Amino acid sequence: MHTAAIDPPGVEWLRVSSKYVTVRLVEWAIRNVILVAVVSLPLLFVQLGWWTWPPLWFAVALPAFFVVLAVWRLALIPRQVRAIGYAERHDDLLIRRGIFFQRTMVVPYGRMQYVDVAVGPVERILGLCTVKLHTASAGTMAHLPGLPAAEGARLREQLSARGEARLAGL
Amino acid sequence: MTPQKTAVDGDWHRVHPASPFVRGWVALVAIVYFFGRDTFERSLQGRGNIGAAINERTLWLLAGGGVVLLLALGSFVLSWYFTRYQLAEGYVRVNTGFLFKQQRQARLDRVQAIDIVQPLLPRIFGLAELKFEVADAGHSAVRLSYLKLGEAKQLRATILGRAAGIADGTETVEVPEAPEQVVLYIPPGRLIGSLILSEQSVFIVLSAVASVMASVLTESRAFILYLIPAIIGLGTAYWRSFNKGYNFTAAISPDGIRMRYGLLDTQAQTLPPGRIQALKVTQPPMWRLLGWFRIHVNVAGYGEHHRSEGEHRTMLLPVGRKADVMMMLSLVLPDPGIADPERVFTAGLTGLDSDAGFVTTPKRAWPLAPLGWRRNGFLSTDTALLLRSGRVWRKLVIVPHQRTQSMALHQGPLDRLFRVADLVLHTTPGPVAPRLYQVSTELAVALFDQQAASAREARKRQTSEQWLAQLPPVHQVAGTASTPEEKNHG
C-alpha cells in the first residue's frame, strides 16, 4: 500500500470503495463536457464567420488545451481515489488525500461538533455515501467520500460515540 | 425599572422602553417628513390649512400620516413589551416578537466574550447594548438593546460572575463589578501615527504618484478626477479606524481582559481568560521604524459577524510598542510554558534563524522562500505553539495547545522536491489563520504527531469551563505584566 512521506509512521490506512471512481467519472464527464462546449464557442463563431477575432489557430488551441487537461484529469482519477485513506486511532481520526498535492489531516474525536452523512444521486445508485466531520473551525473540511453505506453508518455511529466520550469545550 | 432591581433568578425583565424609538427614530422622522411636508410648506407659503376652506388634501395627508405613525408607534410599543430576558439556572433567555415569537437561550458557562456597545444616539440618552457571544448558540450573538448603562454593566457583572462560578444565582445582593486595573492606554497621537504609516497609506502614496505620472505623461487632468472617489473611500476608512481605535484602553480584572475604545460610538469588550483561540502579532514594514506591532485574536463567535464590525472587535492591540505586546501576551497566556518568555517572544517577533530555539525552514528549501526561509519557523512550548513567518510583513502566530481544533499537513510537488511540508492548524473563524510554512518533512510529521498528543493532554487538563480557579490573582498578573515595561523605560 502506498504511503507518502508526510503520513505519520505506523498507520494502517483504510481505503474508500473503488466504486467511488464511477462517481468521480460522472462528475468529471458533466463538468468537462460543459467546459469544453463553452471554450469551443469561439471556434464555432469563427467558423461561421460571426467573429473575426480570435485567429483560427487560437480558437482551435483553446478547446484542444482543455481537452488535453480533461484527459489528464481523467487519467488521474483512479489514482486519486486510491490515495484517499482514513484511519481511526485511539483519540483521533486521520484522513489523507491527494497525489501531487497531498494532505494528511487529524481530527480529534473530542473536537467534533457533529457528523453528517450525505448521499448524492450517483452515490445512491452505487450504494455509497460521504461522511463529513464538523468542528468549530471552518477550516476543518474533513470529507470522506466513497464509503459503502454500511461502513458510513458504522463510522458515523462510532465517531459520534467516541466524540461524546471525549467531548471537550472550545 | 430601577438599576437596583437587576436580574435576580427567574425574573423576566424588559429592556428600556425607549429602545425601539432609539433604534427606529429614522422611520419616525421619515413618516413625519413624508406626510407633514405638504402641510408645513403650505403654512410657510401663507396659505392656511385650517379655516373657511379646509384643504381636503391636507386632511387626508394628516389622517394617513397619523394612522401610519400610530401603527409604527404601536408596533414599537408591542416589540418593547414582548422583548423580555431572564437569567435562570445557568442560562440567559431572550424572548422577542409578538407575531412570530422567538426564544433564544445561551448557556452562561459557554460565554466566550461580552460587549457593551454604545452607538452615538443611545450614548446621548445613556443607553447601551449588551451583546455576548456563546459557543453553543449557533452563529449569532445574543443581544439586549437597549439597557441603561448602569444596568448593562450590572448585568455583565452578574453574567460573568455566574460564568466564572463565583455566583450561583442564589445570592441576594447583586454581584459587584469586578475591580479592574488599567494596564494599557494608547494615546491618540500614536493612533494617528499608526494610521499614517499603515499599509493603506503606502497604497495611497503609490497610487497618487502613479496618477500624477499618468497625467503628466498623457497631459490630461482627468486622472485627478478619478482619484476623488478613491480619496473619499479611503477617508472614510481612515475615519472609521480612528473612530474605533480612539482612546483604546485595556484593563485587567478577575473576569477577564476589558477593552474600551471609540470616539463617537464607544464599545467595551470583556474577554474572559482562556477564550482566545489563536492570536497573531504583526508588523507592517513601515511600523518597523518606530518599533510598533499590533495584535489580532480569534475568539469563537467574533469571526462570524460582519467584516467591518469584526475587524475592530478582533483587535487586541491596535498599535503598541514591544513592551505593550509582551504585556498583552502575558495577559492572554498567563502560562507561556517556557522559562524565558521575553527572549522567546522577542525572537518570535523580530528574530531570524534559530534564536531562542525556533526551528526554521531547512537551507535546502531556500528557493521556495528566498526571503522568508530564515524567518519561517516554529517553537512548541508546554502550553502553546508559536509560528513565526514573514521577513517584510513580520508575523508571529500563537495557538494554545488546548485550542487546536484539527490539523493538516500539506505537501505539494515542489515541497516534496525540497523535502518540506506545511502544517496548517484549524481554529475558529477569525483573522488568524495559523500555518507553518516549509518545515522539513521529518520534523513536520513529528510535530504533527506530537501536537496531536499535546493538544489531547492540554484538553484533559482543562477540566472546568468555569475559569476562575485556573486564573492567577490579579495583582500577580499585574506584577509580571509591568516588568517588561519597566525594563523598557528604565
Side-chain angles (χ1 to χ4, degrees), chain A residues 2-11 13 72 76 79-80 83-115 132-144 159 162-163 165-170, chain B residues 107 109-110 112 134-136 274-275 277-278 298-301 303-304 402-416 419-430 433-435 441-442 444-446 448-453 455-460 462-467:
Chain A
H2 164 84
T3 308
I6 60 165
D7 292 343
V11 171
W13 294 106
W72 169 245
L76 282 182
R79 286 183 60 201
Q80 277 176 340
I84 302 174
Y86 62 99
E88 291 163 84
R89 296 201 296 189
H90 185 251
D91 281 300
D92 42 34
L93 181 77
L94 286 172
I95 300 177
R96 77 167 315 286
R97 67 192 318 162
I99 319 164
F100 288 106
F101 293 90
Q102 297 186 347
R103 195 181 79 159
T104 304
M105 172 146 125
V106 57
V107 187
Y109 297 132
R111 283 302 187 205
M112 282 183 309
Q113 308 245 320
Y114 55 96
V115 183
K132 297 177 184 172
L133 312 180
H134 298 266
T135 68
S137 165
T140 298
M141 297 278 289
H143 293 183
L144 252 181
L159 292 176
R162 289 183 171 183
R166 292 174 182 76
L167 187 64
L170 279 182
Chain B
R107 256 174 72 176
D109 60 356
R110 289 294 174 92
Q112 299 291 314
V134 191
D136 59 358
R275 288 305 199 237
Q277 306 279 332
N298 280 4
V299 172
E304 314 275 1
Q402 76 258 34
R403 300 284 169 232
T404 318
Q405 295 289 332
S406 59
M407 272 182 300
L409 277 175
H410 290 242
Q411 191 181 48
L414 273 178
D415 295 331
R416 196 151 39 251
R419 302 201 309 284
V420 291
D422 285 10
L423 178 69
V424 181
L425 302 184
H426 304 136
T427 90
T428 57
R435 183 173 187 137
T441 308
E442 313 84 74
V445 174
F448 183 71
D449 249 11
Q450 177 208 330
Q451 191 63 23
R456 195 159 57 230
E457 282 310 307
R459 277 199 303 276
K460 274 182 195 152
Q462 175 207 25
T463 46
S464 170
E465 285 289 322
Q466 302 190 331
W467 61 80

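In the text below, chain A, chain B and the rest are named by the order of the sequence lines, each starting its count at 1. Since we're looking at a predicted model, the values are computed, not measured.
With values rounded to the nearest 0.5 angstrom, A/Leu94 atom CG is found 9.0 Å from B/Met407 atom CE. Distance check, rounded to the nearest 0.5 Å: CZ of A/Arg111 to OG of B/Ser406 gives 9.5 Å. Taken to the nearest 0.5 Å, the CE atom of A/Met105 stands 5.5 Å off from the NE2 atom of B/His426. In this structure, CZ on A/Phe101 lies 7.5 Å from CG on B/Leu414, to the nearest 0.5 angstrom. How far CD1 of A/Ile6 is from CG of B/Asp422: 9.5 Å, rounded to the nearest 0.5 Å.
Heavy-atom contacts from other residues, nucleotides or ligands closer than 6.0 Å to CZ of A/Arg79 number 12 or fewer.
With a threshold of 4.5 angstrom between heavy atoms, B/Ala421 approaches chain A through side-chain atoms but not through N, CA, C or O. Contact annotation for B/Thr441: only side-chain heavy atoms (C-beta onward) come within less than 4.5 Å of a heavy atom of chain A. Residue contact with chain A, scored on non-hydrogen atoms closer than 4.5 Å, is absent for B/Arg419. Heavy atoms of A/Leu133 lying under 4.5 Å from chain B are absent altogether.
In terms of heavy atoms, A/Ile99 sits closest to B/Arg416 at O-NH2, 3.1 Å. Of all non-hydrogen atoms in A/Ala136 and B/Pro429, the two that sit nearest each other are O-CD, 3.7 Å.
Ranking A/Pro108, A/Ala142, A/Ser137 against chain B, the residue ahead of the rest is A/Ser137, based on heavy-atom pairs under 4.5 Å.
For the pair B/Arg456 (side chain) and A/Gly110 (backbone), a donor-acceptor distance under 3.5 Å is absent.
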